[in-house]
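The following block contains the structure, expressed as structure tokens.
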Amino acid sequence: MRRHRLEKLERIRARGEEPFKFAFSRTHLIAEARALFEEAERAAANGGAPVEIPAALAGRMTAMRSHGKSAFADLRDETDKIQVFFGCAQMGEAAYETLKDLDLGDFIGVRGAVRRTKRGEITLFADACEILTKSLRPLPEKYHGLTDVETRYRQRYLDMASNPQVITVFKKRIQVVGVLREWLNAAGFLEVETPMLHPIPGGATARPFITHHNTYDRDLYLRVAPELYLKRLIVGGFDKVFEIGRCFRNEGVDTRHNPEFTIMELYEAYQDYMGLMKETEDMLAEVIEAVIGGPTFTYQGEKISLERPWARMTLHDAIRQYADIDIEATRDRATAAALAESVGVEVTPTMGYGKIVDAVLAAKVQPHLVQPTFLYDYPIEISPLAKKKRGNDALTERFQIFIARLEMGNAFSELNDPIDQRERFLEQIRLREAGDDEAQFLDEDFIAALEVGMPPTAGLGVGIDRLAMLVTDSASIREVIFFPQLRVL
RNA sequence: GGACGGGUAGCUCAGUCGGUAGAGCAUCGGACUUUUAAUCCGGUGGCCGCGGGUUCGAAUCCCGCCCCGUUCACCA
């Protein structure tokens, strides 16, 4: 098949035409040409005269229906597709003959007029057609498209070229980021960029990727979160900042996790977690609604309503309600483990009190959190960067937001007491020495920053990929990442 | 890492009891000036994921491995 296409390539060159052109002056995008035509049609509806819009369009040819002395092709660009009519009489015999050298998948430029066919289809009637880029490999089947999941991910360009709805999904993802950025700008947050190469990985409980810098001859870590640098900016004098960017965690891969993913983190001085909860509610509701175009949507068969106010409950109330155990009543690890196991949650010997609570949350509570729900007041053991709750040293002022069972965000009143922060880091080091390789490292410079003084601050992290999953009704994170991580073949 | 499912033509998929490897689309040749999954006639196209075993004979049965998906474990 490739051989046939190479022969056509040679024929095109032989008649003096370049099969890999440099540019083409199109007058419209396909969607623009369609809109213009329909508008002209409406305007002419009273007069009754047939409408015709001159146009030069370019795109990939995705179908060809040839009838001897005439042919119909489908032309697709980023915005839409349109039918093209080639008639031997209109184009001239010589030009019509050159259509034989076209293949599905070629990029072509077509000049002519947009009209309706007898059957009512908006169609570009071609006066001239030139090949812009010869395609040497066949596109997947026109009807079913490409469905093999592995090929779809490994060769995303084929996926997009043969499944237009994939492009729609990614456009929505792009829109999510755009709308979110607009919201944050309007709310007075400044967008910043902080390092991705960290000498000490921090800001989240996760294993890092390690890399090496030759000039300084030292190992560096790909960031697991921008958190500690963003807080340094608050120390320095910024009041409201955010960053949207890639994080890397050396962890497992499944439908909700990719080793590299995109996070939005924001920090707001003089704010606490309850104030931020309200802002988070407004931000997510407004962003999601703007992208989906309404206050309700369906995710994986379940109807989700964005109507505010969203549900709010403490983590321990949620556990009491859904797991029917009062794990808050104890601070003893063994008792908590027994309680968790009594409701079928598996507990391993390395899990501390906090992780046991977290496991109960994941197994018994999270499956119920279909409508948007805030859980707040998390155990101190699993929140080493969050401020202690006023009046309860066992808890932190922290919340998570769940929508459609997906954890969409995590936030807290930021711990700004450097002495407390040091103790929390030391506890993490004890966990690490006990074998927890996800425990956080002690970052002396970060402590030094807190000693300089960070105003009261609330911070939030939102998983952009999961937000994209939500608005595109995608069951897997790989559907919203252009090139998801797969095993190298 | 465990369990389950999958890997056959460029793509989407059949393949019975172990007996010459199949269809549709794409592609090539032919017919056709209003089709839109165009239609009609004829052809080309295979490391049946990889390696080993059983057998006269393996896409098919057995063993090992690779890759993908789902799920559990793990994990912000």
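Model, not experiment: these values are computed from the prediction. Note on naming: letters A, B, ... go to the chains in the order of the sequence lines (proteins, then strands), and numbering restarts at 1 for each one.
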*Assigned partner base of U54(B), Watson-Crick or wobble definition, under 3.5 Å*: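 Across all strands, not a single nucleotide pairs with U54(B).
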*Look at Thr147(A) and U12(B) and indicate whether a side-chain polar atom (N or O) is within less than 4.0 Å of OP1 or OP2.*
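So the side-chain polar atoms of Thr147(A) do come within 4.0 Å of the phosphate oxygens OP1 or OP2 of U12(B), strictly under.
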*Please give the nucleotide sitting opposite A31(B) as a Watson-Crick or G-U wobble pair, both distances under 3.5 Å, or none.*
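A31(B) is paired, partner U39(B).
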*Indicate, with a heavy-atom threshold strictly under 4.0 Å, whether Asp148(A) touches base, sugar-phosphate, or nothing.*
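Asp148(A): backbone/sugar contact only, no base atoms under 4.0 Å.
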*asked:* Does a side-chain N or O of Arg137(A) approach OP1 or OP2 of A26(B) to a distance below 4.0 Å, or not?
replied: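 Result: no.
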*Check whether any side-chain N or O of Arg5(A) sits under 4.0 Å from OP1 or OP2 of U27(B), and answer yes or no.*
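Arg5(A) to U27(B) OP1/OP2: no side-chain N or O under 4.0 Å.
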*Output yes when at least one side-chain N/O atom of Lys100(A) is less than 4.0 Å from OP1 or OP2 of C28(B), else no.*
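For C28(B), OP1/OP2 do not have a side-chain N/O of Lys100(A) under 4.0 Å.
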*Is there a Watson-Crick or G-U wobble partner for G46(B) with both distances under 3.5 Å, and which nucleotide is it?*
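The answer is none; no pair meets the criterion.
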*Taking a pair as Watson-Crick or G-U wobble with both distances under 3.5 Å, which nucleotide is matched to A23(B)?*
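Partner of A23(B): U12(B).
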*May I ask you to say whether Glu479(A) pairs ionically with Arg152(A), meaning some side-chain N is under 4.0 Å from a carboxylate O?*
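Salt bridge: yes.
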*asked:* Tell me whether the side-chain N/O atoms of Arg65(A) come closer than 4.0 Å to OP1 or OP2 in U36(B).
replied: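 No, Arg65(A) has no side-chain N/O under 4.0 Å of OP1/OP2 on U36(B).
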*Watson-Crick or G-U wobble mate for C4(B), both contacts under 3.5 Å*: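 With both distances under 3.5 Å, C4(B) matches G69(B).
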*Would you say Arg154(A) reaches C68(B)'s phosphate, i.e. side-chain N/O to OP1/OP2 under 4.0 Å?*
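Checking Arg154(A) against C68(B): at least one side-chain N or O falls below 4.0 Å of OP1 or OP2.
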*Would you mind classifying the nucleic acid contact of Thr151(A) as base, sugar-phosphate or nothing, using non-hydrogen atoms under 4.0 angstrom?*
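No contact.
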_Quick check with a 6.0 Å cut-off and a 45 degree axis cone: is Arg115(A) positioned over the face of Phe125(A)'s six-membered ring?_
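Yes, cation above the ring, under 6.0 Å and within 45°.
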*asked:* Using every non-hydrogen atom in the two residues, find where Glu423(A) and Arg430(A) come nearest and quote the distance to one decimal.
replied: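 Answer, listing the atom of Glu423(A) first, then Arg430(A): O-NH2, 4.5 Å.
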